[in-house]
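Just below is one structure, and these are the notes that go with it.
Sequence lines set the chain letters: A, B, ... in the order given, protein chains first and strands last, and positions in each chain run from 1. Keep in mind that this is a model prediction, so the values were computed, not measured.
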There are 2 protein chains.
Amino acid sequence: MSGNTTRQEIVAAADDLFYRHGFDHTSFAHIAEAVGISRGNFYHHFKTKDEILDAVIEKRVADRVAMMERWEIAGSTPEDRILSFVDILIVNGDKIVRYGCPIGTLTSELAKLNHTARGEANRLFGAFRTWLAQQFTAAGQAETEAHRLAMHLLMRSQGVATLLNAFHDREFAAREVELMREWVGAVLASNGDRARSAKTT
Amino acid sequence: MSGNTTRQEIVAAADDLFYRHGFDHTSFAHIAEAVGISRGNFYHHFKTKDEILDAVIEKRVADRVAMMERWEIAGSTPEDRILSFVDILIVNGDKIVRYGCPIGTLTSELAKLNHTARGEANRLFGAFRTWLAQQFTAAGQAETEAHRLAMHLLMRSQGVATLLNAFHDREFAAREVELMREWVGAVLASNGDRARSAKTT
DNA sequence: GTCTATACGCGGATAGAC
DNA sequence: GTCTATCCGCGTATAGAC
C-alpha cells in the first residue's frame with residue numbers, strides 16, 4: 001500500500017506486454033523501455049520476473065472483479081449481467097483478433113512452461129466461473145446446474161476467442177455471440193417455466 | 001524425399017517438445033538431446049529454427065489428414081465421422097489436460113510472437129474446418145450452413161480443450177462431449193426432417 | 001529511487017575437423 | 001553426416017555510485 005506510481009506503471013506495462021507478446025517472450029528490457037526506466041532500477045521494485053507475473057495476475061483479477069461489479073450495477077436482471085459477459089467478445093473483438101483472450105492465452109502459456117504461478121492464473125477463470133454461476137443461481141437455477149451452465153458459457157467464450165484469433169472472422173464471432181444470447185434466453189426461459197409450474201402445483 | 005531418418009526424428013522430437021513446452025521455449029539443445037545428436041549436426045538438417053517449425057507444421061497437417069482419412073473408413077455415416085472428431089477430447093484427454101490442444105495452443109503462441117508461420121499454422125485449423133464442413137454437407141446441409149456448423153463444432157472443441165487444460169476436470173469434458181453429441185444428432189435429425197418433407201412434397 | 005556498469009549463462013548460428 | 005569448438009547477442013540478475 002505504499003502507493004508507488006512507478007510500481008503500478010511497471011505492472012500495467014507488463015500486463016500489456018504479457019498479453020500482446022506472451023510472458024516468456026517479454027523481457028525486462030521491453031518492460032523497462034515501455035515504462036521509460038532503466039533495467040537496473042527495475043530490481044528495486046521487483047526482484048524476479050515471477051514477482052512481476054504475480055503482480056500482473058493480481059491486477060488482472062482485480063480488473064475483472066471491478067468489471068463484474070460494474071455489470072452488477074448496469075444490468076437489472078441476472079440475464080442482462082450474463083449477456084454483458086457474452087458481449088466481451090464483441091467489445092474486445094479487435095484485441096482478441098490480434099492477441100486472443102488474455103486469460104485463456106496466459107493460462108495455456110503457463111501450463112506449457114509448467115510455471116508455479118499456474119494455480120494463481122486459474123483464479124482468473126475462477127472469478128468468471130463463480131460470478132457466472134451466481135448469476136445463473138440468481139436466475140433460479142439449482143446450484144450444480146448453475147455451475148455447469150457457467151462452465152458451458154465460459155467454454156463457448158473461450159472457443160470463440162480462439163477461433164476469432166485464428167481466422168480473424170468477425171462475422172463468425174457475431175454469429176456465435178447471437179447463438180450464445182439465444183442459448184442464455186432459452187435456458188433461463190425454460191427454467192422460468194419450471195419455476196412457475198413448480199409454484200402452481 | 002531423401003528419406004533421411006535423422007531428419008524425421010528431429011521433426012518428431014520437435015513436434016513433441018513444441019507441443020509440451022511451446023515453440024519459443026524449446027531450444028536446439030532440448031531437441032538435440034531428445035534425438036541424441038549434437039547441436040552442430042543439427043544445422044546439417046535445418047538451417048534455422050523456423051525451418052523446423054515449418055516441417056513440424058507440415059507433419060502435423062499430414063498427421064491430421066491421415067487421421068481424418070481413417071475416420072472416413074471407420075465411420076459409415078457422416079454423423080459417425082463427425083462424432084469421431086468430437087471424441088478427440090476424450091481420447092486425447094490426458095494430453096489436453098497437461099498441454100492443451102496442439103493446434104489451438106500453437107496458433108495462439110505464433111499469434112503472440114507475430115511469427116511468419118502464422119498463416120501456415122492456420123492450415124491445421126483449416127483442415128478440420130473443411131473436413132467437418134464436407135461431412136455436414138454429405139449429411140444434407142446446405143453449403144454455407146455446413147461451414148457454420150463446422151466452425152461451431154470446432155469452436156466448442158477448442159473451448160472444452162482450453163478449460164480442460166485449465167481446470168483438469170474430466171467430468172466437465174465428458175459432459176460437454178455428451179452435449180456436443182446431442183447437438184450433432186439434433187442438427188442432423190432436424191435437417192433429415194426437412195430433407196424428407198422436401199422429398200415428399 | 002534511479003542510474004551505469006557488469007557478471008554470467010543460454011539462445012541461435014557458424015566453421016571446420018573427422 | 002556427425003562431431004567439437006567457438007562467436008555473438010540477449011536474457012536475468014547483481015553491485016554499487018549518485
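If you check C:dA13, C:dC3, D:dA13 against the side chain of A:Ser38, the one that comes closest is C:dC3. Of the candidate nucleotides C:dC3, D:dG11, C:dG1, D:dG11 has the atom nearest to the side chain of A:His30. Of the candidate nucleotides D:dG11, D:dA13, C:dC3, D:dA13 has the atom nearest to the side chain of A:Tyr43.
Atom-to-atom, CD1 of B:Ile31 to C1' of C:dG11 comes out at 12 Å; the value is rounded to the nearest Å. Rounded to whole Å, the distance from CD1 on A:Ile10 to C1' on C:dG1 is 11 Å. A straight line from NE2 of B:His44 to C1' of D:dG1 spans 5 Å, rounded to a whole angstrom. To the nearest angstrom, P of D:dG16 lies 19 Å from CZ of A:Arg39. Going from atom NE2 of B:His115 over to atom C1' of C:dG12 covers 13 Å, rounded to whole Å. The CZ atom of B:Phe46 sits 16 Å away from the C1' atom of C:dA13 (whole-angstrom rounding). Rounded to an integer number of Å, the gap from B:Phe42 CZ to C:dG11 C1' is 13 Å. Summarising the geometry, the separation between NZ on B:Lys47 and P on C:dG12 is reported as 17 Å, rounded to the nearest angstrom.
With sequence neighbours left out, A:Arg181 forms a salt bridge (Lys or Arg N to Asp or Glu O under 4.0 Å) with A:Asp87. For the side-chain contact (heavy atoms from CB on, under 4.5 Å) test, residues two or more places apart in sequence or in another chain that qualify with B:Glu69 are B:Val65.
At the phosphate of C:dT2, OP1 or OP2 sits under 4.0 Å from a side-chain N or O atom of A:His45. Phosphate contact (OP1/OP2 of C:dC3, side-chain N/O of A:Asn41, threshold under 4.0 Å): present. Under 4.0 angstrom from either OP1 or OP2 of D:dG1 there lies no side-chain N or O belonging to B:Thr6.
In this structure a side-chain-to-backbone donor-acceptor pair under 3.5 Å is missing from A:Lys95 to A:Pro102.
Both cation-pi conditions hold for A:Arg129 and B:Phe167: the charged atom is under 6.0 angstrom from the six-membered ring centre and inside a 45 degree cone around its axis.
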Go through the steps for A:Arg148 and A:His152 under the test side-chain hydrogen bond (donor to acceptor under 3.5 Å, both in side chains), then give the verdict.
-> CA-CA 6 Å; A:Arg148 287 178 183 179; A:His152 183 81; over 6 Å; no
CA sep, side-chain torsions, deciding dist, call: A:His115, A:Asp50, side-chain hydrogen bond (donor to acceptor under 3.5 Å, both in side chains) | CA-CA 9 Å; A:His115 198 282; A:Asp50 289 355; 2.9 Å; yes
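Within residues 22-29 of chain B, the residues approached by DNA chain C to less than 4.0 Å at the level of any non-hydrogen atom are B:Thr26, B:Ser27, B:Phe28, in residue-number order.
Shown here is B:Glu182, whose CD atom has more than 12 heavy atoms of other residues, nucleotides or ligands within 6.0 Å.
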